[in-house]
Number of protein chains: 2
Amino acid sequence: MANIKDIAAHAGVSIATVSRALRKPDLVKDKTAAKIAAAISELGYKPNMVAASLRRQKADAVIVAVPDIHNPFTSLFVQGVENVAREHGVKVLLAITEGRQDLLDLHYEMVAGKQADGMIVLDVNLPTAIRTQGEDGRTLPIVLVCEYAEASQQPRVRVDDLQAAIAAANHIASLGHRDIACIAGPERQRMSHDRQRGFRLGLRRAGIELHEALVERGDYSIRSGFEATRRLLEQGRPFTALLCENDEMAIGAIRALALDGLSVPGDVSVIGIDNLRFAEFCNPSLTTIALSTDILGEEAMRLMLDYDIDPEIGRREVIVPHELIVRDSTAAPRGQA
Amino acid sequence: MANIKDIAAHAGVSIATVSRALRKPDLVKDKTAAKIAAAISELGYKPNMVAASLRRQKADAVIVAVPDIHNPFTSLFVQGVENVAREHGVKVLLAITEGRQDLLDLHYEMVAGKQADGMIVLDVNLPTAIRTQGEDGRTLPIVLVCEYAEASQQPRVRVDDLQAAIAAANHIASLGHRDIACIAGPERQRMSHDRQRGFRLGLRRAGIELHEALVERGDYSIRSGFEATRRLLEQGRPFTALLCENDEMAIGAIRALALDGLSVPGDVSVIGIDNLRFAEFCNPSLTTIALSTDILGEEAMRLMLDYDIDPEIGRREVIVPHELIVRDSTAAPRGQA
DNA sequence: TTGTAGGCGTTATCAC
DNA sequence: GTGATAACGCCTACAA
């Protein structure tokens, strides 16, 4: 493959000039630039970015590590990251970790090894190297999203899950429900902690207490929502509304209720959080809270870029707008209206 | 940041020995290796992979370009790619193109610029450079998936959509349906072409012809399935079964039928292809054809790896197993049983 | 088993 | 405006 030297020879100039012609075109005479351009297209030259990267100590790429591309967050979030990255000529590479530590570490190597300038971690794990390394002061360009808000010294962003959950609880309370069940997420996760707290806070403001017996946990998957609902139904303790920490579990819940012969929202109202694409097309369509996670992605990327300027950059609490989207899965409890 | 030279100095050996200790540990004496290991951990050394990459002309990374991470194919496919990649120490980076040519080309640059060893393209577009460059014989390590099966000289894999569609049609025909509607995908796409042909072939074997008036097109999104079904219903021409080219459109169809007061499968049976995670939890749950697209991903990655060995490598037609998954959305038409 | 040295393809700093 | 040339950090013959 042709390299910069070949171009220089072919155009009768020095390699320095070729390099300039490509990166700082205003520094070379038009005529020379033309000769060079001709040589380039004639030889089909493509600059070797690895060499450039080695020399400039910059890869112009960041890695976004996500556990799973089905995650409701992921898509919108990544889109936000890309919006900002594109403006700055940075490429975004998605790494799927499946929640596995080893896969996360593998991609972290790319940052340590300079193949990427930084990493945005939207995962339950943290690269192992980061924990051990924190002490010597030198933090790597890593931005954390949502999880581990307290755990580490890294720059991080997070969304206000609390407010979203409060909005969901408000909606249910204002419809007149009093006997309310809840499907929570994994115990250890920050997001679950906040959404759970939001539910309780929202209800308490309306003078309602959540019965501990009516709280079941899932792992944010459809199936876990399905099974959690089964467990709720088996208890026999009645409820007319079901607060789900995310849409996936809400979809599983609706299915479980339907199989049990219960009508939604006639017998039980169901609400989720996330506004998945599928939410609109369930039977019944799902009432939910939409979060603009793309803004979160944008902020994460900005934080990453700012890191270049000042590595002391800290954290950003991103307040993304949330919006209640009322569809067919919620209504006033039977007998009220 | 410490480099190999620092380690060499600190351990009292030459840089060659350090390099060997890392890449070919059996070539160095245990005692030296220990000294080197000590130096490495003491200085917190991380090999610069960019430099290694420049020297070895290899990045040990491939890019998988997909239009959209919601695509039903994507997740499973990527998983397949990663399975094989991991065995070979290759990192997989996902690039999201949104179906845009410029974004695809941007990531293609990484291959041209040696930041990645190759690219697997699961997209409706093709990198522009590839078309212009085909002539001079030198093809780049690019593997095409599904689309453009005829269009180019690149290595490619594709799945047998025809058989999957035939299986769907068989199921519907064997239930006794005769008045059958269909929601097709985008006209130009290879996949749609094959699935469409499969539907017709399967039906014809049962002596059934598809009415052209009962064929509507969508773009594989839920919403398009919803709208296509609306159009079918407006026509007034009766049908008792609906063949959908994918699950997303089938989910949209079910919603449209429900809103129209029709029961599934009482009035209309609905079948999809793909076996999305959501398929199991629809109301009613969706009968569908499961395709093991992960195998397709594995083959694509193998083709990529084989390319290193012999660039003349051609194409593979991957026959992935398909499986009919009968759920609640299909039944015999009213009056039969 | 270890060391020496050349080069991978750029970019950036000088000089001219 | 342009040209020499020294890095960037590593790998790998070849020599010892």
Side-chain angles (χ1 to χ4, degrees), chain A residues 1-40 43-61 89 109-117 140, chain B residues 1-40 43-61 89 109-117 140:
Chain A
M1 180 90 145
N3 62 23
I4 202 172
K5 226 164 163 177
D6 301 328
I7 301 304
H10 202 267
V13 297
S14 77
I15 61 170
T17 306
V18 176
S19 178
R20 272 190 293 255
L22 289 165
R23 298 195 85 82
K24 296 152 178 198
D26 11 328
L27 293 188
V28 325
K29 215 166 39 177
D30 284 5
K31 208 165 153 191
T32 344
K35 275 193 303 190
I36 292 173
I40 285 177
L43 301 187
Y45 166 69
K46 293 279 177 193
N48 184 320
M49 303 182 65
V50 174
S53 189
L54 174 60
R55 181 58 234 242
R56 299 194 311 139
Q57 305 284 44
K58 218 154 186 345
D60 291 325
E109 293 290 305
M110 293 189 66
V111 179
K114 306 284 191 232
Q115 293 188 279
D117 301 324
L140 272 95
Chain B
M1 181 90 144
N3 62 22
I4 202 173
K5 225 163 163 178
D6 300 328
I7 301 303
H10 202 267
V13 298
S14 77
I15 61 169
T17 306
V18 177
S19 178
R20 274 189 292 256
L22 289 165
R23 302 196 81 84
K24 296 149 178 204
D26 12 328
L27 292 189
V28 328
K29 211 163 48 173
D30 284 3
K31 208 165 152 192
T32 346
K35 275 194 303 189
I36 292 174
I40 286 178
L43 301 187
Y45 167 68
K46 294 280 178 190
N48 184 320
M49 302 182 66
V50 174
S53 190
L54 174 61
R55 177 60 232 250
R56 300 195 309 139
Q57 303 285 46
K58 227 168 179 333
D60 290 326
E109 293 290 306
M110 293 189 68
V111 179
K114 307 287 190 227
Q115 294 187 281
D117 301 324
L140 272 96

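Proteins get letters first, then strands, A, B, ... in listed order; numbering begins at 1 in each. As the structure is a computational prediction, the values presented were derived from the model and not from experiment. Below, each value reflects all heavy atoms present in this structure, side chains not excepted, and no hydrogens, waters or symmetry copies.
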Can you give the donor-acceptor pairs under 3.5 Å from side chains of residues 22-29 of chain B to other protein atoms, not counting sequence neighbours?
none

OP1 or OP2 of dT2(D) under 4.0 Å from side-chain N/O of Thr32(A):
yes
With axes from five pairs an end, tell me the bend angle of the helix from dT1(C)-dA16(D) to dC16(C)-dG1(D), nearest 10°.
30°
Applying side-chain hydrogen bond (donor to acceptor under 3.5 Å, both in side chains), name anything that partners Lys5(A), two or more places apart in sequence or on another chain.
none
Could you run through nucleotides 9-16 of chain D and give me one letter per nucleotide, 5' to 3': B if any protein heavy atom sits under 4.0 Å from the base, S if only the sugar-phosphate is that close, - if neither?
BBBB----
Are side-chain heavy atoms of Val50(A) and Leu54(A) found at a separation under 4.5 Å?
no
Atom pairs and distances, donor-acceptor, side-chain atoms in residues 9-17 of chain B, under 3.5 Å, two or more places apart:
from: Ser14(B); atom 1: OG; to: Ala16(B); atom 2: N; distance (Å): 3.4
from: Ser14(B); atom 1: OG; to: Thr17(B); atom 2: N; distance (Å): 3.4
from: Ser14(B); atom 1: OG; to: Thr17(B); atom 2: OG1; distance (Å): 3.2

Round to the nearest Å and state the distance from Lys31(A) atom NZ to dT2(D) atom P.
11 Å
Who passes side chain to side chain contact (heavy atoms under 4.5 Å, CB included) against Met49(A), sequence neighbours left out?
Lys91(A), Gln115(B)
How close do Ser53(A) and Ala59(A) get, counting heavy atoms only, and between which atoms?
OG-CA, 3.6 Å
Checking Asn3(B) side chain against Asp6(B) main chain: does a donor-acceptor pair fall under 3.5 Å?
yes
Which pairs, with at least one residue in residues 49-58 of chain B and sequence neighbours excluded, count as a salt bridge (Lys or Arg N to Asp or Glu O under 4.0 Å)?
Arg56(B)-Asp60(B), Lys58(B)-Asp117(B), Lys58(B)-Asp308(B)
Are side-chain heavy atoms of Glu109(B) and Lys46(A) found at a separation under 4.5 Å?
yes
Tell me, yes or no, whether the heavy-atom count around Lys35(B) atom NZ, taken from other residues, nucleotides or ligands under 6.0 Å, exceeds 12.
yes
Using the heavy-atom set of chain B and a strict 4.0 Å cut-off, write down the first and last nucleotide of DNA chain C that makes it in, 5' to 3'.
dT1(C) to dG9(C)
